[in-house]
Amino acid sequence: MSSKSATSRRQAFRGSTLHFLDDPADADPAGSFEFHDDGLLVVEDGHISKVGNAPELLPTLARDTPVTDRSGQLIVPGFVDAHAHFVQTDIIGSHGQRLLEWLERHTFPAERAFADPEHAREVAEFFVTELLRNGTTTALVMGSVHRASVDAVFAAAAARGMRLIAGKVMMDRNCPDDLRDTAASSYSDSKALIERWHGHARLQYAITPRFAPTSTPEQLAGAGRLAREHPDVYVHTHIAENEEEVAWVRQLFPDRRGYLDVYDHYNLLRRRAVLAHGIWLDDREMERLAQSEATLVHCPTCNLAMGSGLFDLPRATAAGVRVALGTDVGGGTSFGMLRVLDEAYKVAQLRRHNLSPLRAFYLATLGGARALDLDGRIGSFRPGNEADFVILDPAATPLLARRTSAAKSLAERLFLFATLGDDRAIAATYLMGKLSHQR
Ligand SMILES: [Zn+2]
């Protein structure tokens, strides 16, 4: 049976099914999720048709409906990785630096190689494959300064039918000469990429100034103009990752009230503006972020590896700021959102906050989709949504099997996936109902 015929009609998947309807408060998650221990997910033409109890739904299906039996495994919406650098794939796991040294020593040399489109294609293919191996079905991705790097990652995602948001890094100061664009070229290159890719297949564009220190005021003004001209594209950048960086931004932009105000001033804060980190923001900045409907991305594996600081998730939530989770590959140390959930829990512990397993899985699925303004399409098993989902295998490793067999609740099972799970726990990944990775 070809994959094309499989997606063009009705098919069903039997297993435990879990998806979120809303943000489960850490204390009282009732009503925020739908779980069926013996569940059935019905997919039609690549979209969710229904989800429910298998014994109730099976008799309602036509006799020839193919049913994939995943009994004993857990079917959840595909993970959303809201911040990653595909051009940093080959520096993941590099030892020993804080942010600004990391950029000089690892990032810039690695990104220089993307001047070669063939290299860009090879890495893009690996990157997309690795996301799927880790259960990630939607990602927001930074390219390098080279326009062809973004062509490469979009082409790799389109070939798989994957939902991806990406953009060319804009960077016209405080970087090596051969990685520098200009205010004018970054504007015109980004515009050309928007016209070529935004809205094509499942791809969307993000205007991507790397971060305030590597852009002149002229470049940021151009990015803001582009944002005004294209109200439905994303803005993707970094903010307040570590203290040295925040101090540097104050020196570079003495007329602005703070880091967030730099982006605000240049019209880069809005719904669909996605800012990685936000560890060192003050209360006024949090309030302004909430009001602007921009999103912060918590990237705990990166924040810990670089010693950047401990993101305060309850504070962001209380301020009404939209929050998603990200791997931040390659400053982050894993492609896997399960690893991100594990580290997010530990960061919260250090903040004297208890992140519930339900909320963690919400953030990796519907929460991420909401933060990216995509919850009308992905993130849950709402009928009509695109059928991107993941099969989690509780028997993936001997230890996971042993611990899970003793788990008494859904929350315990989820927490074990987050604590003990990695790419081995991803039994299969589906895009639009099509098998796109099988372990
Ligand atoms: Zn980053």
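Whatever order the structure lists ligands and atoms in, that order sets their numbers, starting from 1.
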Subject >> Salt-bridge present (R196, D151; N to O < 4.0 Å) >> reply: yes
**OP:** Please check if any side-chain donor atom of D181 sits under 3.5 Å from a side-chain acceptor atom of Q219, or the reverse.
**Re:** yes
**OP:** Determine, for R284 against D261, whether the closest basic-nitrogen to carboxylate-oxygen distance falls under 4.0 angstrom.
**Re:** no
Original post:
the Zn ion (ligand 1): which protein N, O or S atoms are under 2.8 Å away?
Top reply: H83 NE2, H85 NE2, H238 NE2, D328 OD1
**OP:** Start with the C-alpha gap between I391 and F389, add the side-chain angles, then the distance that decides, and say whether side-chain contact (heavy atoms from CB on, under 4.5 Å) holds.
**Re:** CA-CA 7 Å; I391 315 274; F389 57 94; 4.3 Å; yes
Original post:
Considering the options H85, H119, H146, which one meets the ring pair (Phe, Tyr, Trp, His ring centres under 6.0 Å) requirement together with F114?
Top reply: H119
Subject >> Which residues share a salt bridge (charged side-chain N to carboxylate O under 4.0 Å, His left out) with R272, sequence neighbours left out >> reply: D373
